[in-house]
Amino acid sequence: SAKRVGRNNFTIYSPGLDEHANEFLRLEIRLKQALQSNGLMLFYQPIMDVQSGHLAGVEALVRLRDENGQLRSPNDFIPIAESAGLINQLGEWVAAEACRQHERWREAGLPPLSISINISSSQFRQRTFASHLAEAIDRYGIDPACLQVEITESAVMDNLPAAIAALNEIRSTGIRIALDDFGTGYSSLNYLSSLPLDKLKIDQSFIKKIVSHRPSRSITDAILALGRSLNLKVVGEGIESEQAMDYLREHGCDQAQGYLFSHPLPPKDFEAWYWNRARQ
Ligand code: C2E
Ligand code: CA
Ligand code: CA
Ligand code: CA
């Protein structure tokens with residue numbers, strides 16, 4: 001280790017950095033194993049229709065089981081998947097697993113739910129991405145309108161012409177597209193009308209402060225107005241309080257998602273949540 005070799009030569013390596021590198025490597029190794037051996041899971045978070053209060057769909061959120069059996073958040077391992085060249089493989093697994101789950105739920109008697117999956121920028125720049133999605137849909141006999149992809153505003157802004165081409169290809173298969181974390185990506189508004197979109201998801205940072213912070217309300221209002229004029233559905237996410245929900249309802253937001261309704265759940269728990277609500 002750096003300590004044994006001597007302080008003078010390696011003063012730059014603090015224990016903190018060392019640990020960080022170790023953690024990174026361990027997760028990379030773990031991720032490779034997980035991709036081979038069912039170590040990844042999808043959790044599902046309900047998305048509610050604001051006006052009716054009914055379930056509108058679910059968002060699939062990936063989890064990694066680490067070597068201690070702990071579930072790790074994608075914020076810990078998606079960046080590693082990207083830098084280790086594993087993101088495409090991970091993305092294909094996510095798409096296939098979401099479609100498989102859709103089929104299982106239909107067999108369990110649930111109505112055909114709309115499932116959203118997240119894709120990262122490197123993944124959707126990959127040329128074969130749209131055809132992989134179409135394949136997964138075919139294999140499990142899913143109505144393409146039941147599948148949505150969520151791509152962040154900043155990923156789209158990275159390379160706008162390439163993004164427009166990729167999104168057009170995805171959308172031509174009937175899959176819907178949501179722009180995630182909207183309001184944080186430094187976009188000019190005139191590009192929005194040239195993107196093939198179905199939904200805007202207001203970034204959580206605005207929703208968090210919607211009660212306490214006037215500028216966050218103004219930004220939320222502007223996004224809602226923009227959505228209306230471009231004929232896009234608008235989703236508020238990160239909703240934790242009734243007050244935030246009231247605000248969105250009164251201001252014409254279409255859909256809502258957050259801990260107020262449910263945390264992301266493993267498939268069985270989501271099913272229980274679903275039947276429990278249906279009984280009420
Ligand atoms: P995101 O797409 O913006 O997903 C929303 C995140 O907010 C999720 O975190 C969710 O658990 C969390 N969340 C939902 N409601 C609330 C709430 O009321 N309060 C708070 N504080 N948080 C809430 P998660 O599951 O840790 O995912 C983090 C990010 O990782 C996602 O952000 C998404 O960008 C990325 N991600 C998740 N799954 C995938 C995937 O399959 N592929 C790729 N490429 N990225 C993924
Ligand atoms: Ca998302
Ligand atoms: Ca988001
Ligand atoms: Ca995010």
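We count ligands from 1, going down the list as the structure has it; atoms in each ligand are counted the same way.
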Intermediate values then yes/no, salt bridge (Lys or Arg N to Asp or Glu O under 4.0 Å), R30 and D66: CA-CA 7 Å; R30 182 65 202 126; D66 72 14; over 6 Å; no
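For I78, the closest heavy-atom approach to ligand 1 falls below 4.0 Å.
No more than 12 heavy atoms of other residues, nucleotides or ligands sit less than 6.0 Å from atom NZ of K233. In this structure, D49 places its CG atom where more than 12 heavy-atom neighbours from other residues, nucleotides or ligands lie under 6.0 Å away. R176 CZ: 12 or fewer foreign heavy atoms inside a 6.0 Å radius.
Listed by atom number, the atoms of ligand 1 under 4.0 Å from E237 heavy atoms are 3 (O), 5 (C). Per-residue contacts place P264 under 4.0 angstrom from the following atoms of ligand 1 (heavy atoms of the residue considered): 11 (O). Listed by number with element, the atoms of ligand 1 under 4.0 angstrom from any heavy atom of E59 are 2 (O), 4 (O). Numbered from 1 in the order shown, with element, the atoms of ligand 1 that lie under 4.0 Å from a heavy atom of K208 read 20 (C), 21 (N). Atoms of ligand 1 lying under 4.0 Å from any heavy atom of G258, numbered from 1 in the order shown and given with element: 15 (N), 18 (O). For ligand 1, the atoms closer than 4.0 angstrom to any heavy atom of D181 are 3 (O).
Under 4.0 Å is where a charged nitrogen must lie from a carboxylate oxygen, and between E271 and K268 at least one such pair does. A salt bridge links R100 and E97; the closest N-O separation between the charged side-chain nitrogens and carboxylate oxygens is under 4.0 Å.
Among L40, I151, D203, V94, the residue whose heavy atom sits closest to atom 41 (O) of ligand 1 is V94. Closest heavy-atom approach to atom 1 (P) of ligand 1 within the set L260, N75, D180: this belongs to D180. Scanning L90, I87, V62, L42 for the heavy atom closest to atom 39 (C) of ligand 1 points to V62. Closest heavy-atom approach to atom 6 (C) of ligand 1 among the candidates Q204, Q45, E97: Q204.
For Q257, no nitrogen or oxygen atom sits less than 3.5 Å from a nitrogen or oxygen atom of ligand 1, counting backbone and side chain alike. Polar contact with ligand 1: present for E240 (N/O pair, distance under 3.5 Å).
Residues satisfying the side chain to side chain donor-acceptor pair (under 3.5 Å) criterion with S218, sequence neighbours excluded, are absent altogether.
Looking at S73, its side chain does come within 3.5 Å of a backbone N or O of N75 through a donor-acceptor pair. Side-chain N or O atoms of Q45 include one that pairs as donor or acceptor with a backbone N or O of S262 at under 3.5 Å.
Neither the backbone nor the side chain of K201 comes within contact range of ligand 1; no heavy atom lies under 4.0 Å. Proximity of L61 to ligand 1, defined as any heavy-atom pair under 4.0 Å, is shared by backbone and side chain alike. Contact annotation: for S73 versus ligand 1, heavy atoms closer than 4.0 Å belong to the side chain alone.
Of the listed residues (L232, I223, D203, I202), just one forms a side-chain contact (heavy atoms from CB on, under 4.5 Å) with F182, and that residue is I223.
A parallel orientation is assigned to the rings of W273 and F270, their planes being inclined by less than 30° (bins at 30° and 60°).
Linking Ile, Leu, Val, Met, Phe, Trp and Tyr residues whenever their side-chain heavy atoms come within less than 4.5 Å leaves L27 and L61 in two separate clusters.
At a cut-off of 3.0 Å, measuring from the Ca ion (ligand 2), the protein N, O or S atoms that fall short of it are E59 OE2, N118 OD1, E150 OE1, D180 OD2, waters left aside.
Note that CD1 of I175 and CG of L167 are 11.5 Å apart. Values are rounded to the nearest 0.5 Å. Atom-to-atom distance recorded for E240:CD and F261:CZ is 11.5 Å, nearest 0.5 angstrom.
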